[in-house]
Number of protein chains: 2
Amino acid sequence: MTSIEEVARQAGVSPSTVSRVARNQTNVSTVTRERVQRVITELKYIPNAVARGLKQARSGLIALLITDITSPFFTAVARGAEDAAREAGLSLLLGNSEEDSDLEAKYLRVIGERRVDGVILVPTNQAPNSLVRSLPPEIPIVLLDRSLPGFKADVVRCDTRTGTFVLGQHLLGLGHRRIAIVGGMPNIPTWPERVAGYQAALRESGVAAPPEFVIPGDYNRDGGTEAVRVLLAQGERPDAIIAANAQVALGVLDELVAAGCRVPEDVGVATIDDPFPPSAFVPRLTLVEQPGYGMGEAAVQLLVARLEPAGRAEPPREVVFEATLRIGTSCGETTIGHDDVMR
Amino acid sequence: MTSIEEVARQAGVSPSTVSRVARNQTNVSTVTRERVQRVITELKYIPNAVARGLKQARSGLIALLITDITSPFFTAVARGAEDAAREAGLSLLLGNSEEDSDLEAKYLRVIGERRVDGVILVPTNQAPNSLVRSLPPEIPIVLLDRSLPGFKADVVRCDTRTGTFVLGQHLLGLGHRRIAIVGGMPNIPTWPERVAGYQAALRESGVAAPPEFVIPGDYNRDGGTEAVRVLLAQGERPDAIIAANAQVALGVLDELVAAGCRVPEDVGVATIDDPFPPSAFVPRLTLVEQPGYGMGEAAVQLLVARLEPAGRAEPPREVVFEATLRIGTSCGETTIGHDDVMR
DNA sequence: GTGAAAGCGCTAACAA
DNA sequence: TTGTTAGCGCTTTCAC
């Protein structure tokens, strides 16, 4: 692999001069610059960022660790983060923890050893310990989607409590009375938050929210199928189901269909997430949309602020985005098209 | 940031000894090991992989550059590659070029400067030049999904020519006769390949494949809407449309619905890709499925073989996967459920 | 405008 | 079993 020394030798200059040319610094005479440039091209010299990183103690690299790469929400987050990172002159290292704490720890370890300039993390659970153990304390962290009680860090999240509350009102307005909410992981704050919004909506209308209609599970497809199995095995069947996220909603739909239930005629289904793209499909999913792209951007911006010497010591900031109800047809809505943003 | 020297000083040993302990080497006495280990934990020492990488001239890092992170196919590829990389003790750096050559070049540049051990690339176009200019020649490349004529490298791809051929036969069997194919980029080999399969199927049945039914476009949602607009503006409306990938299919569906066409009653729609997850939605999309996960795994395996000194000089290998027809209901199929793999 | 020299943090070869 | 030394490829003073 061509090194800076080799270029220097070939061009008859010192490594410093090559370095100056390679980084487009001004204090080089035109004639030298051209000569060096020619040798660089000739030898296909590509600067070694590993060596540079060692010297400069910064990498120009940030990491984003998400928990589910197949989720439209986290995909949107990744796109937003990527664009913002590029804007800021940083590269983005993406990792996928699959909602697995061990895997998360491994990624954090690798990320930390590589001395990235910062980390955007969707934490898998409530144990900041592993986090602290895997990452050098100097590396700034921005938490995304989920805060970590007792852990001081910037947070970007979405107020899905209110979102779920509004969704609950919507379902009640459609006449649903036996509403279930399913599929979130109890040790991830977004689940109790959504349950709280759901309960508040029902309470406000004096509708019962029996505990057997609140079914936790994994934040994935199986979590949805499992929950529906439990629901259908119980005495009273719900007339609407809120899935904790898009993956869960798919599992819910799978299992309802398998059980011969029609959606929305027999059971309405709604979810909380960024929308899956399908549009012309019937029914269109009613959902509470989280602005993933914007959240990814915001996380990078918080991180960039932390990278400045001035931002180092600032107190942690929290950026909270609003969720938006997108009305589809999956809960028996008849007023199709009055909010057609799902396309 | 705690360095190895600092640990050594505190523990009263040499840096080498710390290094040995940190890497779990055997030739350290138990008592020393314990003492050093204690200091490591105390000082939260995390080895600097940048320095190690500089010394060892290998990073344990490979990069995967995909063109569309919202595509279910590439998402599956990423998951497969990630699992295989972890299996092989490598970390995966993920990048998203958005089908943009400039962005691709930038990523390759960053990746190359970081001296990753290898690159898995979904090339955006047919210009290997930029590729060669952005990446040190020593870094092995595996091309994924698309080969690059005239560029010698391992390739993992899927035979979508045959897949599209079989899909064509399926559509003909359903009685469709005015079949269009839309939305692929002419300078990406997967498009002509799919068109060829389509044409072969029609030819075999003596059905015309008029050029105005072959409409290229961008490999994204807009490509689909655009194509449908063109199709509908033309004289004769197709009775079935093959979308070049899942994103395009969504655009096609969008625009058909907007134009008041029912799917599948007025126009059938099929696509080529990994499946989007939605299942209970009606219609379910008929599609030719590419095994993204397996392809990602295979790409990493090829790369790993190249990393061995023995594999360096081996001639390029090509791994071709088969595509599978998954029958849904979006083309007017009545035999629902005889191939229900789309769930 | 250019070069010499030191050093970032680590590991590998060698010596003790 | 442990330590010493050199050097990976670069940037950064500091001279000239």
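Below, read A as the first sequence line, B as the second, and so on, with proteins coming before strands; counting in each chain starts at 1. On a predicted model such as this, the values are computed, not experimentally measured, just so you know.
- A:Glu87 CD: 12 or fewer foreign heavy atoms inside a 6.0 Å radius.
- Set against D:dA6, D:dG9, D:dT2, the side chain of A:Lys55 has D:dG9 as its closest nucleotide.
- Under 4.0 Å is where a charged nitrogen must lie from a carboxylate oxygen, and between B:Glu5 and B:Arg9 no such pair does.
- Taking 4.0 Å as the cut-off between side-chain N and carboxylate O, A:Asp154 and A:Arg317 do not count as a salt-bridged pair.
- Within 4.0 Å (heavy atoms only), A:Ser16 reaches at least one base atom of the nucleic acid.
- When rounded to the nearest whole Å, the span between CD1 of B:Ile4 and P of D:dT4 equals 14 Å.
- Residue B:Glu318 qualifies as enclosed at atom CD: its count of foreign heavy atoms under 6.0 Å is above 12.
- Here chain B contacts DNA chain C (any atom closer than 4.0 Å to a heavy atom, that is under 4.0 Å), and the contacts span C:dG9 to C:dA12 from 5' to 3'.
- Rounded to whole Å, the distance from CD on B:Glu113 to P on D:dC10 is 10 Å.
- Phosphate contact (OP1/OP2 of D:dT12, side-chain N/O of A:Gln56, threshold under 4.0 Å): present.
- The 5' end of DNA chain D is approached more closely, in terms of each residue's nearest nucleotide, by B:Arg20 than by the other of B:Leu54 and B:Arg20.
- Nucleotide D:dC8 holds its C1' atom 13 Å from the CG atom of B:Asn48, rounded to whole Å.
- Among the protein residues, B:Val13 comes within range of the sugar-phosphate backbone only, with heavy atoms under 4.0 Å from sugar or phosphate atoms but none that close to a base.
- One finds no salt bridge joining B:Arg38 and B:Glu34 here, because no Lys/Arg side-chain nitrogen approaches an Asp/Glu carboxylate oxygen to under 4.0 Å.
- Looking at B:Asp100 and B:Thr124, their side chains never come closer than 4.5 Å, going by heavy atoms from C-beta outward.
- Using a 4.0 Å cut-off between a side-chain N of Lys or Arg and a carboxylate O of Asp or Glu, A:Glu99 and A:Arg146 qualify as a salt bridge.
- Annotation: proximity of residues 23-36 of chain B to DNA chain D (heavy atom, distance under 4.0 Å) is found for B:Asn27, B:Val28, B:Ser29, B:Thr32, numbered in ascending order.
- Not a single donor-acceptor pair under 3.5 Å links the side chain of B:Glu113 to the backbone N or O of A:Asn48.
- Using a cut-off of 4.0 Å between Lys/Arg side-chain N and Asp/Glu carboxylate O, A:Arg79 and B:Glu98 are scored as salt-bridged.
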